[in-house]
Amino acid sequence: MAARSRYEELARQISAVGAVKRGLARILPAECPGGSATVLTLLNKYGEMRITRLAELLAVDMSVTSRHVAHAVENGWLERLADPTDKRSRILRLTPAGVELLDDLNRRTTEMFAHNLTDWTDEEVGQLNTLLSRLRDSFSCRGTGGCVPGKHSGDCRAGHSDASYTRTPV
């Protein structure tokens with residue numbers, strides 16, 4: 001286990017990550033807030049789903065999820081379709097406009113990181129990706145289910161065994 005002072009420094013560094021998140025928020029188009037971008041990203045990654053599943057992946061209340069979905073539908077990025085297994089429910093699906101917006105967001109994000117990390121090597125960027133992924137896994141595995149990081153059981157992350165589970169937009 002690392003010394004307490006190392007954890008204190010880690011807390012300061014993680015707090016400073018807010019500047020990176022604000023930079024990411026600034027590159028989003030005005031009509032696409034972060035919540036909408038995250039909804040689109042998750043639907044792109046996991047495919048069509050019910051809003052209840054989306055709320056689970058977002059780890060937020062249904063009312064928050066509904067607002068994000070309504071915004072994305074109003075802008076033509078998502079559509080609600082009848083669920084073939086339960087006509088009372090709706091399935092969310094990306095529209096071509098939503099896919100196009102995601103492509104633009106991915107381009108913007110990639111360009112932002114490429115611009116700001118020009119003095120980083122590919123190896124350093126890879127190390128950061130690995131360590132951030134490990135940090136995320138350590139936090140997601142310490143919940144009520146309590147799994148061991150790196151040895152995910154099927155019930156880790158409240159039923160989400162995909163090691164790339166994320167709440168971040170792009």
Side-chain angles (χ1 to χ4, degrees), residues 1-47 49 51-69 71-72 98 101-170:
M1 180 178 264
R4 183 173 182 83
S5 63
R6 293 285 189 175
Y7 293 125
E8 291 168 351
E9 177 61 18
L10 177 60
R12 283 190 290 276
Q13 294 299 328
I14 293 295
S15 293
V17 169
V20 176
K21 291 183 76 172
R22 286 187 297 278
L24 286 168
R26 280 191 295 272
I27 65 168
L28 293 174
E31 71 276 6
C32 183
S36 295
T38 303
V39 163
L40 298 176
T41 300
L42 289 171
L43 279 161
N44 188 58
K45 180 173 185 164
Y46 294 103
M49 67 182 75
I51 195 168
T52 52
R53 172 72 173 133
L54 182 60
E56 289 173 11
L57 290 171
L58 288 168
V60 297
D61 187 79
M62 274 293 290
S63 63
V64 174
T65 305
S66 294
R67 282 193 302 273
H68 292 313
V69 166
H71 179 78
L101 176 63
L102 270 177
D103 289 343
D104 180 52
L105 295 177
N106 285 327
R107 181 192 52 76
R108 290 172 184 236
T109 302
T110 301
E111 288 175 2
M112 185 199 78
F113 279 114
H115 173 77
N116 288 292
L117 303 180
T118 57
D119 58 336
W120 288 49
T121 66
D122 283 349
E123 183 179 327
E124 289 169 329
V125 174
Q127 288 172 342
L128 180 60
N129 286 332
T130 298
L131 291 172
L132 287 173
S133 178
R134 184 175 173 194
L135 177 66
R136 185 183 61 236
D137 286 349
S138 292
F139 273 77
S140 62
C141 286
R142 302 285 194 246
T144 56
C147 64
V148 177
K151 300 185 186 317
H152 303 302
S153 65
D155 63 357
C156 183
R157 284 187 218 90
H160 308 294
S161 60
D162 183 343
S164 59
Y165 173 79
T166 185
R167 290 180 58 185
T168 53
V170 179

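All values below come from the heavy atoms of this structure, side chains included, with hydrogens, waters and symmetry mates left out.
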Closest non-hydrogen atom pair, [X] against [Y]:
{"X": "Leu28", "Y": "Pro33", "result": "CD1-C, 3.9 Å"}
{"X": "Glu124", "Y": "Trp120", "result": "OE1-CA, 3.3 Å"}
{"X": "His71", "Y": "Ser36", "result": "CD2-OG, 2.9 Å"}
{"X": "Leu42", "Y": "Met49", "result": "O-CE, 4.0 Å"}

State whether [X] and [Y] are salt-bridged, where the test is any N-O pair (Lys NZ or Arg NE/NH1/NH2 against Asp/Glu carboxylate O) under 4.0 Å.
{"X": "Glu56", "Y": "Arg53", "answer": "yes"}
{"X": "Arg108", "Y": "Asp104", "answer": "yes"}
{"X": "Arg12", "Y": "Glu8", "answer": "no"}

Return yes if some donor-acceptor pair links the side-chain N/O of Ser133 with the main-chain N/O of Asn129 below 3.5 Å, else return no.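 No; judged by distance alone, with no hydrogens or angles, the pair does not exist.
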When you measure from the side chain of Asn106 to the backbone of Leu102, do you find a donor-acceptor pair of N or O atoms at a distance under 3.5 Å?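 Looks like yes, one N/O pair under 3.5 Å.
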Using 0.5 Å steps for rounding, measure from the [atom1] atom of [X] to the [atom2] atom of [Y].
{"X": "His68", "Y": "Leu58", "atom1": "NE2", "atom2": "CG", "result": "6.5 Å"}
{"X": "Glu9", "Y": "Ile14", "atom1": "CD", "atom2": "CD1", "result": "10.5 Å"}
{"X": "Leu57", "Y": "Thr38", "atom1": "CG", "atom2": "OG1", "result": "11.5 Å"}

List the residues meeting side chain to side chain contact (heavy atoms under 4.5 Å, CB included) with [X], not counting sequence neighbours, and say none if there are none.
{"X": "Glu123", "answer": "Thr121, Gln127"}
{"X": "Thr52", "answer": "Arg50, Met62"}
{"X": "Leu131", "answer": "none"}

Are [X] and [Y] side-chain neighbours, meaning at least one heavy-atom pair lies under 4.5 Å?
{"X": "Leu101", "Y": "Leu40", "value": "yes"}
{"X": "Ile27", "Y": "Leu105", "value": "no"}
{"X": "Ser66", "Y": "Ser63", "value": "no"}

When you look at Val64 and Arg67, which way does the side-chain contact (heavy atoms from CB on, under 4.5 Å) test go after all the steps? CA-CA 5 Å; Val64 174; Arg67 282 193 302 273; 3.3 Å; yes
Above 12 or not: heavy atoms from other molecules or residues under 6.0 Å from CG of Asp122?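 For Asp122, atom CG is not crowded (no more than 12 foreign heavy atoms under 6.0 Å).
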Using the side-chain contact (heavy atoms from CB on, under 4.5 Å) rule, pick out the option among Val125, Leu24, Thr118 that qualifies with Phe113. Leu24
